[in-house]
Amino acid sequence: MSSLTPATVSKAADGPTSSASLAGRIALVSGAASGIGRAVAAGLVAAGAGVVLGDIDQEGCEKAAAELDTAGLPGRVVPVSLDVTDASAWERFIRTARRHFGYPDLLVNNAGVVGIHGLEGVSDDEWQRVIQVCQRGTWLGLRAAVPCMHLAGGGAIVNVSSVFAHVGSGAAFAYHGAKGAVAAMTRAAAVELAPARIRVNAVSPGMVETPMTSGLPEQFVTDFVAATPMGRKAAPREIAAAVLFLLSEDASFITGTDLLVDGGFAAR
Ligand SMILES: NC(=O)c1ccc[n+]([C@@H]2O[C@H](COP(=O)([O-])OP(=O)(O)OC[C@H]3O[C@@H](n4cnc5c(N)ncnc54)[C@H](O)[C@@H]3O)[C@@H](O)[C@H]2O)c1
């Protein structure tokens with residue numbers, strides 16, 4: 001288990017654990033410079049974990065880590081340049097985590113990019129970009145982190161999918177495909193890794209107020225919010241709360257699930 005504090009992955013069998021505490025856990029978060037990933041990193045640090053923040057935006061990643069440090073939590077965040085489509089970058093990411101904290105036992109595969117074109121408009125470039133980051137990046141993250149979790153004696157993983165893995169939209173064809181694959185990989189990994197006490201779950205957000213959605217066409221966002229029963233976008237911390245729950249011992253018997261956090265969008 002990690003070098004920070006004793007194991008928490010097996011405590012469920014021993015009785016109640018302190019709710020939502022992740023003290024001593026060692027977490028990897030991809031796409032941590034911005035939006036949902038940044039909120040997840042903040043929540044993890046607040047819950048007591050050591051966190052390695054990875055992002056292709058190195059400057060943004062360092063800024064996010066510095067802000068967490070100045071929030072009074074020095075030494076528990078480490079920023080690393082990470083392109084999730086690069087297997088060797090994942091290896092460096094893991095090595096940094098081990099050097100600073102020990103074997104990581106939590107992973108949040110969060111990095112993502114969106115393309116807005118439908119089936120008849122999607123280009124090869126858009127398809128490649130979205131599939132590479134969202135789908136292949138998730139696979140490479142799983143492949144890099146799981147051996148550490150074996151050595152740590154267990155772990156928990158959350159893959160950030162999307163409500164677009166569940167419903168069609170008439171747009172964003174490559175993104176639907178990639179997030180559907182993330183949902184399928186989540187279930188496959190959950191079944192394969194359960195005997196090793198590694199839980200794997202997904203969170204599927206609806207529309208969230210982040211730099212990703214501020215870059216979308218205004219009408220697309222307006223229509224999406226209008227179709228959301230709760231009538232608004234989510235704040236990143238509302239998605240982070242679901243991620244943290246699934247990582248925590250409060251979710252000790254939950255694996256292979258896909259938690260919609262979408263204000264009721266998919267329920268209509
Ligand atoms: N915002 C939403 O409405 C929404 C809805 C459903 C799902 N999601 C998913 O949530 C996740 C986070 O999205 P967000 O809204 O916070 O977006 P965001 O754009 O604010 O953050 C995404 C982060 O990923 C990083 N990134 C992009 N490509 C990368 C790469 N190759 N390697 C490493 N990092 C990379 C970006 O630099 C950025 O910091 C994504 O997987 C996204 O698909 C978002």
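Order of listing sets the numbers, starting from 1, for every ligand and every atom in it.
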| query | According to the interplanar angle, ranging from 0 to 90°, do the rings of F265 and F164 count as parallel (below 30°), tilted (30 to 60°) or perpendicular (above 60°)? | reply |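 Ring orientation of F265 relative to F164: tilted.
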| E59/K63 salt bridge by N-O under 4.0 Å criterion |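 No.
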| task | Output yes when E209 and R232 qualify as a salt bridge under the 4.0 Å nitrogen-oxygen rule, no when they do not. | result |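 Looking at R232 together with E209, the answer is no, because their closest N to O distance does not fall below 4.0 Å.
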| message | As a test of reading the model: which residues have a non-hydrogen atom less than 4.0 Å away from ligand 1? | response |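 Around ligand 1, where the cutoff is 4.0 Å for heavy atoms, the contacting residues are G31, A33, S34, G35, I36, D55, I56, D57, L82, D83, V84, N110, A111, G112, V113, V133, V160, S161, S162, Y175, K179, P205, G206, M207, V208, T210, P211, M212, T213.
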| query | If only atom types and distance count, is the side chain of T228 paired as donor or acceptor with the main-chain N or O of G231 below 3.5 Å? | reply |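 No, T228 side chain to G231 backbone: no donor-acceptor pair under 3.5 Å.
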| query | Within 45° of the six-membered ring axis of W127 and under 6.0 Å from that ring's centre, is NZ or CZ of R129 located there? | reply |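 Relative to the ring axis of W127, which defines the angle, R129 lies outside at least one limit.
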| Do the side chains of V163 and L216 join up, straight or via other hydrophobic residues, at under 4.5 Å, putting them in one cluster? |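 V163 clusters together with L216.
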